[in-house]
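This report concerns only the one structure given below.
Remember, it's 1-based here, ligands and their atoms both numbered in the order they're listed.
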Amino acid sequence: MSEPKAIPRHVAIIMDGNGRWAELRHKERFYGHIQGVEAVRTTVKAAIRNGVRYVTLYAFSTENWGRPAEEVNALMELFCRSVENETPELKRQGVQVTMIGDRERFPSEVRESLQRIERETATGEALTLILALNYSSRSELTRAARILASRVAAGELDPQQIDEKTVSEALYTAPYPDPDLVIRTSGEMRLSNFLLWQSSYAELYFPEVLWPDFTEEEFDRALEAYAHRERRFGQIRKKQPGHPTPQAEKTS
Ligand code: FPP
């Protein structure tokens, strides 16, 4: 009997190319972000259809604050609007929306919208959609170092007890398994400060397509490529298909 096709449990996506997509059409960059929301909808549908359990989207990096104020403001409004508009459909699909990153820097309307969608979708069981907002790996790891140092200073933790598990537990991503597959659209081949610790053994996939053009077929192609990769986790034996990472059972 043939082995079942390996489906990644967690797919993380760097949604790149919105600006170029708009510029190619002689439109404002923001128009690309609006179309990007459509690609998010498509991705959620395709993930559920394929049985992917977690999707993380890099929606706003700590570096994105350096963009022109009008683009940052427009993105903030788009986040609020999308969250409000999409909540009913996400609930219907059984999607739980949650976020990683430092939300304190966001305007209060954005923080409230995010809180609302997290609360209203909390019981979703088909897919956990993790929005990385004001997120970067280096700031996450720096924050984790601070958390662990405080626990040591408080006498709760012996420095000798600090291991990969304690570090993982101090990250925003503590409740979630590591990504199995990281996709970055637009042909760029960088991780840009995204889930660096968590992606240690992830398969990487770099399609040429710009994010607003990312279709269900593109998602399926990424999964097909993943299914043909051999994941060895630094070992030599071929693993069974599925999700055999050491952290895969962190949560269900
Ligand atoms: C990168 O493309 C994209 C972003 C920085 C923003 C992504 C945001 C969305 C797609 C909206 C999603 C909304 C929700 C609610 C998740 P870029 O602007 O860097 O493109 P470029 O490299 O072509 O300039």
Side-chain angles (χ1 to χ4, degrees), residues 11-48 54-91 93 95-103 105-107 109-118 120-121 124 127-137 172 182-195 206-215 218-219:
V11 177
I13 307 182
I14 303 175
M15 308 182 285
D16 199 9
N18 292 351
R20 274 164 285 167
W21 188 93
E23 281 157 16
L24 281 169
R25 287 159 181 79
H26 309 286
K27 305 250 192 200
E28 293 295 320
R29 292 176 52 79
F30 182 63
Y31 188 67
H33 297 315
I34 294 177
Q35 290 302 311
V37 176
E38 188 55 47
V40 171
R41 269 187 218 114
T42 302
T43 299
V44 166
K45 247 170 64 189
I48 295 173
Y54 299 85
V55 168
T56 299
L57 300 177
Y58 204 7
F60 195 87
S61 74
T62 52
E63 289 77 22
N64 287 152
W65 294 109
R67 294 189 176 208
E70 59 273 24
E71 182 169 343
V72 171
N73 294 338
L75 272 170
M76 295 297 141
E77 272 176 40
L78 183 64
F79 292 146
C80 282
R81 189 150 32 96
S82 308
V83 158
E84 299 300 329
N85 292 344
E86 303 303 324
T87 299
E89 178 59 13
L90 290 169
K91 276 169 78 172
Q93 294 176 99
V95 178
Q96 178 189 12
V97 179
T98 176
M99 68 159 288
I100 55 173
D102 178 9
R103 63 181 86 190
R105 193 168 164 191
F106 284 118
E109 315 85 79
V110 180
R111 287 206 307 271
E112 281 157 24
S113 288
L114 291 168
Q115 261 172 10
R116 202 158 36 242
I117 198 170
E118 284 179 322
E120 289 192 21
T121 63
L127 175 76
T128 301
L129 181 64
I130 304 157
L131 302 179
L133 287 164
N134 195 20
Y135 173 86
S136 82
S137 265
Y172 290 120
V182 175
I183 301 172
R184 180 177 189 146
T185 55
S186 89
E188 304 285 350
M189 297 189 196
R190 289 186 296 283
L191 290 179
S192 297
N193 223 343
F194 182 53
L195 301 177
F206 300 108
E208 290 291 326
V209 64
L210 302 175
W211 176 250
D213 289 330
F214 194 75
T215 56
E218 293 286 349
F219 189 89

Q. Quick one: CD on Glu188 to CZ on Phe206, what's the gap to the nearest 0.5 Å?
A. 10.0 Å

Q. If you take all heavy atoms of Met15 and Thr185, which pair is closest and at what distance?
A. C-OG1, 3.8 Å

Q | Geometric cation-pi criterion Arg67 and Trp65, 6.0 Å radius, 45° cone | A | no

Q.
Out of all atoms in ligand 1, which are within 4.0 Å of some heavy atom of Arg29? Include the element for each.
A. 17 (P), 18 (O), 24 (O)

**Q.** Salt bridge flag under 4.0 Å for residues Glu118 and Arg103
**A.** yes

**Q.** Min N/O separation Ser82 to ligand 1 under 3.5 Å
**A.** no

Q | Under-4.0 Å salt bridge between Glu89 and Arg41 | A | no

Q: Just need the protein heavy atom nearest to atom 3 (C) of ligand 1, so name the residue and atom and give the distance.
A: Met15 O, 3.2 Å

Q. Can you check whether Arg20 has an N/O within less than 3.5 Å of an N/O in ligand 1?
A. yes

Q) Can a non-hydrogen atom of Asn64 be found less than 4.0 Å from any atom of ligand 1? A) yes

Q: Mind telling me whether Phe194 and Tyr58 have parallel, tilted or perpendicular rings, with 30° and 60° as the class edges?
A: parallel

Q | Test log, rule side chain to side chain contact (heavy atoms under 4.5 Å, CB included), inputs Leu57 and Val40 | A | CA-CA 8 Å; Leu57 300 177; Val40 171; 3.7 Å; yes

Q) Closest non-hydrogen protein atom to atom 6 (C) of ligand 1, residue and atom name please, with distance? A) Ala59 O, 3.5 Å

Q | Contact check: Gly19 vs ligand 1, nitrogen or oxygen atoms, below 3.5 angstrom | A | yes

Q.
For atom 16 (C) of ligand 1, what's the nearest protein heavy-atom neighbour? Residue, atom name and distance, please.
A. Leu131 CD2, 3.8 Å

**Q.** Selected option - heavy-atom contact closest to atom 19 (O) of ligand 1, from Arg67, Glu71, His33, Glu23
**A.** Arg67

Q. Are any of the heavy atoms in Glu86 under 4.0 Å away from ligand 1?
A. no

Q | Option whose closest heavy atom lies nearest to atom 14 (C) of ligand 1, chosen from Tyr58, Trp21, Phe79, Phe60 | A | Phe79

Q. Looking at CG of Leu131 and CD1 of Ile100, how far apart are the two atoms once the value is rounded to the nearest 0.5 Å?
A. 9.0 Å

Q: May I ask which of Val44, Asn18, Val97 has a heavy atom nearer to atom 2 (O) of ligand 1 than the others do?
A: Asn18

